[in-house]
Protein chains: 4
Amino acid sequence: MNESSFSKTRCKRKGKNTLAKRRGQKYEQIIEAAVKVIAQNGYHHSQVSKIAKEAGVADGTIYLYFKNKEDILVSLFQEKMGKFIQKIEDELAGESSIEEKLLVLITMHLQQLQDDYSLAIVTQLELRQSNLELRNRINEVLKGYLKLIDTVILLGIEEGIFSEDIDVRIARQMIFGTIDEVVTNWVMKEHKYNLVLQAKPVHGLLLKALTK
Amino acid sequence: MNESSFSKTRCKRKGKNTLAKRRGQKYEQIIEAAVKVIAQNGYHHSQVSKIAKEAGVADGTIYLYFKNKEDILVSLFQEKMGKFIQKIEDELAGESSIEEKLLVLITMHLQQLQDDYSLAIVTQLELRQSNLELRNRINEVLKGYLKLIDTVILLGIEEGIFSEDIDVRIARQMIFGTIDEVVTNWVMKEHKYNLVLQAKPVHGLLLKALTK
Amino acid sequence: MNESSFSKTRCKRKGKNTLAKRRGQKYEQIIEAAVKVIAQNGYHHSQVSKIAKEAGVADGTIYLYFKNKEDILVSLFQEKMGKFIQKIEDELAGESSIEEKLLVLITMHLQQLQDDYSLAIVTQLELRQSNLELRNRINEVLKGYLKLIDTVILLGIEEGIFSEDIDVRIARQMIFGTIDEVVTNWVMKEHKYNLVLQAKPVHGLLLKALTK
Amino acid sequence: MNESSFSKTRCKRKGKNTLAKRRGQKYEQIIEAAVKVIAQNGYHHSQVSKIAKEAGVADGTIYLYFKNKEDILVSLFQEKMGKFIQKIEDELAGESSIEEKLLVLITMHLQQLQDDYSLAIVTQLELRQSNLELRNRINEVLKGYLKLIDTVILLGIEEGIFSEDIDVRIARQMIFGTIDEVVTNWVMKEHKYNLVLQAKPVHGLLLKALTK
DNA sequence: TATGAATGAGACTTCATTCAT
DNA sequence: CATGAATGAAGTCTCATTCAT
């Protein structure tokens with residue numbers, strides 16, 4: 001994910017052809033199939049028919065659950081990112097010190113992508129191969145995560161641990177940019193090393209940059 | 001650019017049409033046209049015919065200078081990135097202190113992309129919409145820049161300014177990831193603010209992270 | 001046909017679209033359209049779109065039934081030649097004397113092509129405008145016919161009518177080469193005379209060559 | 001060659017741009033290059049530029065000696081066939097008996113193509129991949145050879161050796177069709193056996209067909 | 001004569017989406 | 001709800017030919 005995408009908005013549709021049923025079992029099936037197929041074949045070789053086959057449904061069925069192909073991608077990102085953020089938020093709540101909170105954020109970010117390599121490929125590489133419109137929608141989804149990072153930074157400043165001179169936006173871009181870059185490198189190196197082990201040194205550098 | 005691409009390799013062409021041609025006026029014309037067209041229309045709407053028209057040459061002429069459409073992109077990146085790095089290297093040579101060197105690197109990176117918004121769009125957004133093979137070739141090109149960053153980090157450690165505990169790879173990922181994220185945000189916000197002004201605060205944070 | 005092509009092999013298609021489809025009505029439609037279009041316009045001016053239009057289907061539909069353009073040609077040949085041979089075989093079974101069998105073979109060969117001038121153009125002229133790979137596949141199909149000719153020759157020898165000194169391969173090449181040349185000439189002369197009437201004199205010469 | 005092509009006619013061209021210079025050294029070079037390139041790469045992969053390169057001339061130079069690409073093919077056939085026929089005619093003159101003449105004709109036909117495998121590929125396979133117009137021009141060239149065959153047949157009848165009931169056209173088609181088929185088979189079998197050795201049995205069959 | 005860089009028309013094939021069943 | 005056969009628009013690349021030098 002680039003720091004440019006994340007949200008919970010859903011396209012509304014009216015009348016009979018609404019996608020109200022988005023919560024069916026097939027909806028999940030298709031999302032999972034999409035992650036798998038895109039991770040395996042790459043964005044440009046992931047035809048709707050291939051996703052449908054992997055999901056065990058007919059091509060046309062896709063369009064009962066998603067407006068179009070792009071909508072699969074955005075929904076995929078929304079689904080996965082929603083859970084991604086939720087987990088981090090839950091974990092953060094249990095920590096008291098700001099240093100711990102930052103470590104947890106970094107660790108959880110790395111952990112979750114290490115645990116789901118297919119998802120990592122999709123978020124770090126394949127999902128970026130999209131047009132501007134799609135990227136903007138993805139950014140809406142990403143915003144939730146960025147706000148979470150902002151919260152941590154602001155809390156650190158409030159508590160007097162982080163310098164009050166810090167430009168929050170830039171600090172957030174540093175945190176997200178660094179972690180994102182670490183993950184992308186890991187993916188491109190075909191995850192040949194332990195990603196979560198990078199959390200400690202990353203935490204060290206970022207904390208040093210932020211603290212008074 | 002993702003921290004994953006940069007080099008000087010040139011693809012070979014068969015027969016008479018070899019590298020010699022790449023120095024022709026038309027070669028430059030096509031590269032410039034490609035940057036403009038891709039920045040304007042996005043990667044997926046930049047047909048070869050559109051680039052040819054913008055360059056003022058026939059469609060077929062493109063193929064006298066480039067192996068295929070993808071080759072235009074890679075060459076574009078090589079061409080532009082070669083100059084991009086060269087400028088930074090030149091500027092770095094003039095600075096003595098490591099703090100200044102880091103500031104110059106950040107500033108030049110931001111400056112060059114601010115000065116060429118079309119190029120910024122292409123490197124930050126459009127060029128990432130490529131398949132894995134293309135991305136690997138781009139990464140080769142990017143390597144030169146990453147090595148440059150490594151050089152600065154190692155120098156800082158040598159001089160006793162940066163902590164010797166620093167993991168160079170991670171430090172490099174932080175520096176590149178942060179700057180890259182700053183630029184991408186600027187591009188996605190449609191460059192409504194001065195990008196170079198971000199250099200100072202970015203420098204402040206990164207320097208703080210690295211110094212003993 | 002050159003003495004070099006004939007078979008029943010079917011190319012495989014991946015996924016759902018397998019041979020089942022080849023029995024659809026559209027499959028036949030496309031084959032018939034291809035014969036007509038190629039006979040009228042020549043191989044090199046028979047675009048897929050033209051064939052699709054003649055068949056009354058969309059361009060893309062062609063690719064649900066055929067792997068590519070070449071596959072239309074091979075399938076066409078297989079389809080038509082299969083019936084061609086079958087008819088001759090059926091007719092031969094009804095004849096007792098070897099002389100009659102040879103006459104039937106010649107007559108049927110000429111008759112069938114005279115009855116379908118479009119097919120004659122395609123087999124004698126257009127289908128030979130293909131690359132080596134295609135020609136080899138066509139030859140596979142043709143083999144069935146050549147074997148049929150061999151059968152007749154061997155029977156003649158067995159029955160003591162044909163000389164046992166005969167080189168079967170050469171005799172077969174004479175029979176096929178002669179009939180093929182007669183048909184090609186008829187086609188190139190724009191079928192201005194009755195082709196079947198050539199059967200008698202051809203039969204006379206060939207029989208004389210073979211008999212003891 | 002199909003029994004459908006051969007002549008000495010040359011397209012006339014007027015004014016300065018005439019191809020009067022067709023007898024230059026380069027003319028021969030290009031013809032030889034064309035035979036070699038077409039035999040090696042097949043008709044469809046024999047671009048004008050490839051022939052030019054093989055001939056050691058510039059692409060444009062081709063057009064000083066030939067009207068267009070097709071003209072190279074026709075000229076090639078004319079050149080080669082002219083010599084082909086001449087040789088057979090010369091040889092025939094030395095023979096007295098009609099049986100000997102027929103044997104010489106068959107042998108020479110096979111011999112010349114066996115001696116020049118590149119030419120055999122071109123005449124038996126590649127040259128047939130042409131459009132109707134080209135084929136008609138080639139047939140004009142071939143006529144000379146067919147007339148030669150007719151001459152032998154008529155002589156045989158005159159001398160009372162061949163039956164006077166023979167249809168000369170059909171006899172000629174049998175002779176040419178048989179030899180042509182024998183050669184084509186040899187080429188497609190990648191000339192793995194001695195072609196000239198086929199002359200005797202072919203002669204035996206044809207002579208038997210024709211004699212009283 | 002000779003060159004060879006430039007031209008530009010032309011076609012195969014893919015694949016997201018629809019809709020009759 | 002589900003299907004999957006059918007659609008048809010759209011784009012990359014080749015290569016015969018030209019023409020300024």
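Chain A is the first sequence line, chain B the second, and so forth, proteins listed ahead of strands; every chain is numbered from 1.
- Atom CZ in B:Phe66 sits about 15 Å away from atom P in F:dT14, given to the nearest Å.
- With DNA chain E read from its 5' end, the first of the two nearest nucleotides for B:Lys26 and C:Asp59 is the one closest to B:Lys26.
- With hydrogens and angles disregarded, a donor-acceptor distance shorter than 3.5 Å links the side chain of D:Lys50 to the backbone of D:His45.
- Atom-to-atom distance recorded for D:Glu70:CD and D:Leu76:CG is 12.5 Å, nearest 0.5 angstrom.
- Distance OH (B:Tyr43) to C1' (F:dG11): 12 Å, rounded to an integer number of Å.
- In this structure, OH in D:Tyr65 is found 13.0 Å from CD1 in D:Ile72, a value given to the nearest 0.5 Å.
- Mapping D:Lys69 and A:Ile62 onto DNA chain F via the closest heavy atom, the residue that lands nearer the 5' end is A:Ile62.
- Contact annotation: the side chain of D:Glu32 never approaches that of D:Glu79 to less than 4.5 Å [non-hydrogen atoms, C-beta and beyond].
- Close to F:dC15, at under 4.0 Å from its OP1 or OP2, lies no side-chain N or O of B:Tyr63.
- The backbone N or O of C:Ala55 lies less than 3.5 Å from a partner atom in the side chain of C:Gln29, making a donor-acceptor pair.
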Would you write the dot-bracket representation of DNA chain F, where each base gets (, ), [, ], | or . depending on whether it forms a Watson-Crick or G-U pair under 3.5 Å and with which partner?
.||||||||||||||||||||
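- Rounded to an integer number of Å, the gap from CD of B:Gln29 to P of E:dA5 is 16 Å.
- Regarding D:Leu134, its CG atom lies at a distance of 15 Å from the C1' atom of F:dA16, rounded to whole Å.
- The distance between atom CD of B:Gln25 and atom P of E:dA6, rounded to the nearest whole Å, is 9 Å.
- Comparing F:dA5, F:dT7, E:dA6 against the side chain of C:Val57 picks out F:dT7 as the nearest.
- Side-chain atoms of D:Thr61 do not come within 3.5 Å of backbone N or O of D:Val57 as any donor-acceptor pair.
- Proximity note for B:Ala58 (side chain, C-beta onward) versus F:dT17, E:dT7, F:dT3: the nearest is E:dT7.
- Between B:Tyr65 and E:dA6, a side-chain N or O to OP1/OP2 separation shorter than 4.0 Å is present.
- One interatomic measurement links the two molecules: CG of B:Leu64 to C1' of E:dT7, which rounds to 9 Å at whole-angstrom precision.
- Each of C:Gly60 and B:Asn68 was assigned the nucleotide of DNA chain F with the nearest heavy atom; the assignment lying further toward the 5' end belongs to C:Gly60.
- Aromatic ring pairs are classed by plane angle as parallel below 30°, tilted from 30° to 60° and perpendicular above 60°; the pair C:Tyr27 and C:Phe66 is parallel.
- Distance check: A:Ile51 CD1 to A:Ile38 CD1 gives 5.0 Å after rounding to the nearest 0.5 Å.
- A cation-pi arrangement is present between D:Lys69 and D:Tyr43, with the terminal nitrogen or guanidinium carbon under 6.0 Å from the aromatic centre and inside a 45° cone about the axis.
- For the pair B:Thr61 and E:dA6, the criterion of a side-chain N or O lying under 4.0 Å from OP1 or OP2 is not met.
- Following rounding to the nearest Å, C:Ile72 (CD1) and E:dA11 (P) show an atom-to-atom distance of 15 Å.
- A distance of 12.5 Å separates NZ of A:Lys36 from OG of A:Ser46, quoted to the nearest 0.5 Å.
- The stretch residues 45-56 of chain C touches DNA chain E through C:Gln47, C:Val48, each having a heavy atom within less than 4.0 Å of the strand.
- In this structure, CD of B:Glu70 is placed 18 Å from P of F:dG11, rounded to the nearest angstrom.
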